[in-house]
Number of protein chains: 2
Amino acid sequence: MEKRLEQKHRALLEEAERQSIAPTDNIRACFELLALTGAIDRDCAVRLARHRLSEGKFVLMFLLHDKPDGLSPHELAARAGVTRATITGLLDGLERDGFIARRAGLDDRRKIAVILTPVGQEMASDLFREHAQWVASLFEGFTVNERKTLSGLLQRVWRNLDAANRRLGPDVDGSG
Amino acid sequence: MEKRLEQKHRALLEEAERQSIAPTDNIRACFELLALTGAIDRDCAVRLARHRLSEGKFVLMFLLHDKPDGLSPHELAARAGVTRATITGLLDGLERDGFIARRAGLDDRRKIAVILTPVGQEMASDLFREHAQWVASLFEGFTVNERKTLSGLLQRVWRNLDAANRRLGPDVDGSG
DNA sequence: GCCATATAATATGGTGCCTAATTTTCGTCA
DNA sequence: TGACGAAAATTAGGCACCATATTATATGGC
C-alpha cells in the first residue's frame, strides 16, 4: 500500500481510469489528500476518546479554558463554527461527564454561562498541550520552504474549489 | 482571510502561539490541510445532496453500478470501508428513494443481493461522470511535478502520523 | 436428526452534526 | 402596561457513523 487510499476512493479511481472520463492523476491526488486528513481525523478522535472527549467537545473545553466567567452557548457556537443546537448536545455530554457546568446568566437571563469545572480545567490544560504537540509533530522535519510549498499548492486547490462552486451557480438550493 | 482556517483551528493556533508550547508553523500547516479537505467534503456533500444522496450512498451506488447481479451488504461494507450496520441504514434510505432493491439470495438465503433499479442505474452513471470531473477539476493546472511534490509531502505526514501512533503504544484500547 | 458454532442481516442505542420549530426572555414602541 | 419582534437556548427529528445485541440461516460433528 505505497500510496494510501481508502477502499471507496480506490474503487472510484480505478473506474475513472477504466472509463478515462477525467484526468486520473488529478483524482488520485485529491484522494491522497482526503485519505490523509481522514486518517488524521480518525487518530485525533482516538486520542481524544481516551479522555471521553470528541473533537467538538475538546474545542469547547479549549475555548473555555481561560474564561473564568465562562461563555454563552451562543458564543461557543460562533467560535467553534457549529450551530447552537449542536453546542447544546455537546454541552449535555460535557456536563454529564463533569467537565463543565451551566450557570444562569446574571444580566441577561436568556443567556447562560458555561464554565469549566476544576476537573475540566485540569483536563483542558493537559489535553491542549498534548494535542498541540501531536498536531505539530505531524509536520516534524518539514523545512520552512516545504511548508510554504505545501501551503501554496493547497491554496491553488482552494481556488479551483471556488471556481467549481461558481460554475455550479450561486442558486444551489433549487428544490428540483 | 488569506490563509483559510476554520474558527476552531484559528483559536487553537493562537493559543499555541501565546503559550509557545509547540512549533506553531507546523500547527498552522496541519490546520490548513484540515480546513481544505473539510471544505472539499462540505462541497461534495452539497453536490450530492442535490440528488438526495450522501457520500456514503454515492459510494454504494457506484459500487453497484456495474454489478447486474448485485452485491451483498457484507461485500458493500468491505468495499466501502464501513460496518455492515451502517450499510443497512444507507440501504434503507436508498431503497426508500427508489435507487436500489433488495433481492433474496439464491444459494445462501442469509445473503441478500442489492441491485440498482433502472432509476438508480441512470443516476449512478450520470453522477459518477459528474463527480469524477469535479474531483479532477480540483487539481486543474497542476503539473506532474507539482502533483509529485504534493504527494511526497503528504507521504511524509503519513510517516509522522504513524510514528506518533507508535509512540502512543499499540495497546490503545485500555479502558482507563 | 440435532446441537454448537459461525456468518448474514438487522435492531438498538449512542455520538456528533445538521435544520426547523419552540420556549423563554429581552427591548422597544405605542 | 401590553403587544411585538429579536435573540438565546432548547427540543424534535433527521443523517451517518459506530459497537453491541438479536434473529435467521448454514455447516460440521456426533
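Labels below follow one simple rule: chain letters A, B, ... track the order of the sequence lines, proteins then strands, and each chain is numbered from 1. These numbers were taken from a predicted model, which means no experiment stands behind them. Both backbone and side-chain heavy atoms feed into the values below; hydrogens, waters and symmetry mates do not.
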Aromatic ring proximity, centroids under 6.0 angstrom, B/Phe128 and B/His131 = no

Residue-phosphate contact under 4.0 Å: [X] side-chain N/O, [N] OP1/OP2:
| X | N | result |
| --- | --- | --- |
| B/Thr83 | D/dC18 | yes |
| A/Arg96 | C/dT15 | yes |
| B/Lys111 | C/dA9 | no |
| B/Thr86 | D/dC18 | yes |
| A/Thr88 | D/dA9 | no |
| A/Ser72 | D/dA8 | no |

Under a 4.0 Å threshold between the charged nitrogen and the carboxylate oxygen, would [Y] count as salt-bridged to [X]?
| X | Y | result |
| --- | --- | --- |
| B/Lys8 | A/Glu55 | yes |
| B/Arg156 | A/Glu140 | no |
| B/Lys148 | A/Asp25 | no |
| A/Asp66 | B/Arg18 | yes |

Between [options], which one does the side chain of [X] approach most closely?
| X | options | value |
| --- | --- | --- |
| B/Asp108 | D/dA26, D/dA9, C/dT10 | D/dA26 |
| B/Leu90 | D/dA16, C/dT10, D/dC18 | D/dA16 |
| A/Arg110 | D/dC18, C/dC17, C/dC26 | C/dC26 |
| B/Pro73 | D/dT10, C/dG16, C/dT10 | C/dT10 |
| B/Val82 | C/dA8, D/dC17, C/dC18 | D/dC17 |

Measure from [atom1] on [X] to [atom2] on [N] and round the result to the nearest Å.
| X | N | atom1 | atom2 | answer |
| --- | --- | --- | --- | --- |
| A/Arg42 | D/dC18 | CZ | P | 10 Å |
| B/Leu94 | D/dC15 | CG | P | 12 Å |
| A/Glu55 | D/dC17 | CD | C1' | 16 Å |
| B/Arg109 | D/dT25 | CZ | P | 6 Å |
| B/Asp92 | D/dC17 | CG | C1' | 14 Å |
| A/His74 | C/dT25 | NE2 | P | 19 Å |
| A/Leu91 | D/dT11 | CG | C1' | 15 Å |
| A/Leu60 | C/dG16 | CG | P | 10 Å |

inquiry  = Please check this pair: side chain of A/Glu14 against backbone of A/Ala11, looking for a donor-acceptor N/O pair closer than 3.5 Å.
reply    =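 No.
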
At under 4.0 Å between heavy atoms, what does [X] touch on the DNA or RNA strands: base, sugar-phosphate, or nothing?
| X | answer |
| --- | --- |
| A/Gly56 | sugar-phosphate |
| B/Arg102 | sugar-phosphate |
| A/Ile87 | nothing |

